[in-house]
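Data block below; observations after.
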Number of protein chains: 2
Amino acid sequence: MVSPEALAEPQGRYLADLMGRGVRGTADAVVLPSSAEEVAAVMRWCYENGVPLTARGGGTGLAGGAIPVAGGVVLGFERLNRIRQFDPLLWRMHVEAGVTTGDVQRRARESGLRFPPDPGAAEISQIGGNIACNAGGPHAFKYGVTGHWVTGLEVVVPPGEIVQLGGPIRKDVASYDLKSLIVGSEGTLGLVTAAWLRLVPAPELELPVVGLYRDAEAGIGAIERVLACGAVPAAIEYLDAVTLSFSGDAYPFGIPDGGAFMVMTEADGAASEARRVATELQEALAEDAVAVHAPEDPADVAELWRWRGGAAFAILAQRGGAFSEDIAVPLDRLRDVARETLEIGARHGVPALSFGHAGDGNIHSTFLFSPDDPDEERRADAACHDLFELALRLGGTVTGEHGIGWLKRGQLERQLGAAGYDLHMRIKRAFDPKNLLNPGKKL
Amino acid sequence: MVSPEALAEPQGRYLADLMGRGVRGTADAVVLPSSAEEVAAVMRWCYENGVPLTARGGGTGLAGGAIPVAGGVVLGFERLNRIRQFDPLLWRMHVEAGVTTGDVQRRARESGLRFPPDPGAAEISQIGGNIACNAGGPHAFKYGVTGHWVTGLEVVVPPGEIVQLGGPIRKDVASYDLKSLIVGSEGTLGLVTAAWLRLVPAPELELPVVGLYRDAEAGIGAIERVLACGAVPAAIEYLDAVTLSFSGDAYPFGIPDGGAFMVMTEADGAASEARRVATELQEALAEDAVAVHAPEDPADVAELWRWRGGAAFAILAQRGGAFSEDIAVPLDRLRDVARETLEIGARHGVPALSFGHAGDGNIHSTFLFSPDDPDEERRADAACHDLFELALRLGGTVTGEHGIGWLKRGQLERQLGAAGYDLHMRIKRAFDPKNLLNPGKKL
């Protein structure tokens, strides 16, 4: 992870993303089409001439998925940024791939609706990129990831054909689920040019309930009580002791003495329902807690989420560099992730911490380094490889929401096994026989 | 559609499903394996000897998907019927493919949880078949279809390999979404032997609210008001005038004079939330209604859903034969489906009606015939083809929840277009190069 300012440089804007690791691609050309037909024309040219084609959304990816490691053409979507249709009374919106996630969320909210996926960089990331990575976020616990809200895609596939998969319909079992196959394919099967999104009435009230615990053991016990309480929270996050030591000073309600592990939940819905669920969450969190904070003032609630969203930057600021991964494990292995993340860091001599979407078992284990210390950076990178190993040993996945990208190349075959990986590669060849779409990725 | 009693005959049990149309397959052998390894051994033998292999769950499909039209081996899953693991506190269950949907629902409910998919024949259908068809049901409106609740699959793929796709994890973007590709593939890509299912805390209360209207125009206006009211119902169904004329006598609360179109919704959740939503639904439904019924007694609620579930059989009883399809259209085209279904029936001289999952735009347009009148049966079948045409003209799909099966062969290419159909077929060849898995289906 590098600072988002890096994306402002003309070069970084098209040749790098937020993965860091000094990886910068090369491009023979950057094209900025403004229609699906133009995207198809670019792909046809690339396919005829054997030139790699790498798609790029907002560039906020953390796995190098948008870095043009094989050169060729970079295709940016910023001009494909129209909302083609919005039918609030039918809970649906038709958007082009370059519309930012934040704009989709805002337009929905203005009409009393919600587009629930809430990845970290919503103001910069584009909906096409979110679809390509099947982005998640804290509220995926209750609402599911991006793909769950996509009912139709307009996609350009090799050698340059525009296909419509699904549409403004809520159920469809006619073909193989080509739509879900494109979702999360990281630009290696086809380029999404537009999507039909499903929306849902917005909750009237969102009430976070935060518990602070003396250690991870007590905090994860609280998460288990939340799951057992019968209510459905909108989000279940945790932040471990090291995370709190870096970001706790800015926590709006003050970290109490002895508070060394935070569990952050949220109740939402109509006002009465949100209050009912918040009460259940408070009860589940209170046992064993050093403190429970349940802000109700909308300004406090917004401030809390702003603080949570800023945790990644507080972490990054510590040493200037941070590799923040996104493994996901079965819920009964959360304790192992919290503990072994620290052990891996100690083994490699780098500061380590974990935080993230605990209710989905999707944890951002993070290793810090100074960009001026190449050896430390190398050790942080080695720690990530041990972390991927851990995810597989715990029966999990090396990536819950960032994607394989360039960073995790080589991990996929180990996770899927030979027969599963063979299926994966057969699909790649079926879509992209010349291996020109984002070559080197998702392998 | 034929009577489910047909499945009790030793022959019908493995050679037919509920599609009717006199289609019965042939089998050289029926095998009933009791482990994934045995399924793999059967597939290896079929692949080595070039013998077709057709998988069969409960046989309640309505599109002929389980009929062995090419002969060969029929593989039944009734002995693969163990619940391998159930972790109620972690909201998940690991089941073999032959467990009935009803058993999954019951086991979940006994622990305060819910497995939300509720296809029509839950007591007979098996979870593996539900996955193969991505089955829906009334509550898919709020909760989504079967695939949304599947986090992992154990699948046997050609030439006879067992692969694990996903597992007891709630997020995973490592590989292409192979799991979603298998879901809904109707036994043509691989055979599901077990699944990890996601569950959710069960609602405390379910409160249906039924509105009766003078005609389809008024009823569909009521559906639009429900969508606009800001609440999220668990289900939005409609039953048209002809449906009510056949099944209305058994309606537990009495069809009032002038009540010729029914909209059936449901509020669910904690008691307070279910009551709040039910009140909103009542308000939205009341305008223009001939009557609104909002049963609260659990016995009345159960009776109402039993009646709704029995509508298909009341319809079937009219003339002894019924072709009941499952097109899905954008929500703004519900009026067209209700009206044109009747026009199609009139054009072909067969009784016609429509009912179903209106909130998802997924309507069971139905054409009746007497099994003793081959010409009428032929005309009812021709009406179905006009209906599929209608679905495509309205921007919808020929199948929202039953699948393409054998019945809708030839429709897929028209729906997907040449480029999309080509992708579909490339996937088939990538998985099943010898075309031995359920040949003739999903084309």
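Computation of the quantities below employed the complete heavy-atom set of this structure, encompassing side-chain atoms and omitting hydrogens, waters and symmetry-equivalent molecules. Since we're looking at a predicted model, the values are computed, not measured. Letters A, B, ... are given to chains in the order of the sequence lines, protein chains preceding strands, and every chain is numbered from 1.
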Open item on the list: Under 3.5 Å, is there a donor on one side chain and an acceptor on the other for His357(B) and Arg170(A)?
Closed with: no
Open item on the list: Looking only at the aromatic ring of each residue, does the gap between the centers of Trp91(A) and Phe141(B) stay below 6.0 angstrom?
Closed with: yes
Open item on the list: Given heavy-atom pairs under 4.5 angstrom as the criterion, report whether the side chain, backbone, both or neither of Leu412(A) touches chain B.
Closed with: side chain
Task: Salt-bridge contact Arg335(B)-Glu224(B) (side-chain N to carboxylate O under 4.0 Å) - done: yes
Open item on the list: Check Lys441(B) with Glu186(B), please: is the shortest side-chain N to carboxylate O separation under 4.0 Å?
Closed with: no
Task: Distance (rounded to the nearest 0.5 Å) between Asp422(A) CG and Glu413(A) CD - done: 9.5 Å
- [ ] Specify which of Val329(B), Leu189(B), Val277(B) makes the most heavy-atom pairs with chain A at under 4.5 Å.
- [x] Leu189(B)
Open item on the list: With chain B as the partner, which of Pro330(A), Ala328(A), Gly396(A) has the greatest number of non-hydrogen pairs under 4.5 Å?
Closed with: Pro330(A)
Task: chain A contact via Tyr421(B) - which portion, at a heavy-atom distance below 4.5 Å - done: neither
- [ ] Measure distances from Cys229(B) to the heavy atoms of chain A and classify the residue's part below 4.5 Å as side chain, backbone, both or neither.
- [x] neither
Task: Any donor-acceptor N/O pair, Arg333(A) side chain to Leu394(A) backbone, under 3.5 Å - done: no
Open item on the list: Check whether Asn362(B) reaches the backbone of Asp326(B) with its side chain - one donor and one acceptor, N or O, closer than 3.5 Å.
Closed with: yes
Open item on the list: I'd like to know which of Gly230(B), Ala202(B), Gly167(B) tops the heavy-atom pair count under 4.5 Å against chain A.
Closed with: Gly230(B)
- [ ] Can you tell which part of Glu161(A) gets under 4.5 Å to a heavy atom of chain B, answering side chain, backbone, both or neither?
- [x] side chain
Task: side chain to side chain donor-acceptor pair (under 3.5 Å) against Thr397(A), all qualifying residues, sequence neighbours excluded - done: Gln415(A), Asp172(B)
Task: Donor-acceptor under 3.5 Å (Arg426(B) side chain, Ala430(A) main chain) - done: yes
Open item on the list: Looking at chain A, which one of Leu423(B), Val145(B), Asn134(B), Leu178(B) has the largest number of heavy-atom pairs inside 4.5 Å, strictly under?
Closed with: Leu423(B)
- [ ] Specify which of Val183(A), Val232(A), Val155(A) makes the most heavy-atom pairs with chain B at under 4.5 Å.
- [x] Val232(A)
- [ ] Would you mind checking which part of His424(A) comes under 4.5 Å of any heavy atom in chain B, side chain (CB onward), backbone (N, CA, C, O), both or neither?
- [x] both
Open item on the list: For Glu401(B) and His364(B), which I'm curious about, is there any donor-acceptor pair between the side chains at under 3.5 Å?
Closed with: yes
Task: Val157(B) portion near chain A, given a 4.5 angstrom heavy-atom threshold - done: side chain
- [ ] Enter the distance from Glu154(A):CD to Ile162(A):CD1 here, rounded to the nearest 0.5 Å.
- [x] 6.0 Å
- [ ] Answer yes when Lys179(B) and Asp177(A) have at least one side-chain N-carboxylate O distance shorter than 4.0 Å, and no when they do not.
- [x] no
Task: chain A contact via Asp332(B) - which portion, at a heavy-atom distance below 4.5 Å - done: both
Task: Most chain B-contacting option - heavy-atom pairs closer than 4.5 Å, from Gln411(A), Glu204(A), Arg92(A), Arg276(A) - done: Arg92(A)
Task: For chain B, the option from Gly361(A), Ala228(A), Ala419(A) that forms the most heavy-atom pairs under 4.5 Å - done: Ala419(A)
- [ ] Keeping the roles fixed (side chain from Thr399(B), backbone from Ala174(A)), state whether a donor-acceptor pair exists under 3.5 Å.
- [x] no
Task: chain A contact via Arg429(B) - side chain, backbone, both or neither, heavy atoms under 4.5 Å - done: neither
Open item on the list: Between Gly400(B), Ala231(B), Pro201(B), who has the most heavy-atom pairs with chain A when the cutoff is under 4.5 Å?
Closed with: Gly400(B)
Open item on the list: Counting only non-hydrogen atoms closer than 4.5 Å, does Val163(A) touch chain B with its backbone (N, CA, C, O), its side chain (CB onward), both, or neither?
Closed with: side chain
- [ ] Under 4.5 Å, counting heavy-atom pairs only, tell me which of Thr188(B), Asp87(B), Ile327(B), Leu443(B) racks up the most with chain A.
- [x] Thr188(B)
Task: Heavy-atom pair count under 4.5 Å with chain A, highest-scoring of Ala270(B), Ala418(B), Gly184(B), Gly144(B) - done: Ala270(B)
- [ ] Tell me, for Lys428(B) versus chain A, whether the close heavy atoms (under 4.5 Å) come from the side chain, the backbone, both or neither.
- [x] both
Task: Ion pair check, Arg114(A) and Asp268(A), cut-off under 4.0 Å - done: yes
- [ ] Under 4.5 Å heavy-atom distance to chain A, tell me which part of His402(B) shows up: side chain, backbone, both or neither.
- [x] backbone
TODO: Examine whether an atom of Asp360(B) lies under 4.5 Å from a heavy atom of chain A, and if so say whether it belongs to the side chain, the backbone or both; otherwise answer neither.
DONE: both
Open item on the list: Need one label for Ser272(B): side chain, backbone, both or neither, based on atoms under 4.5 Å from any heavy atom in chain A.
Closed with: side chain
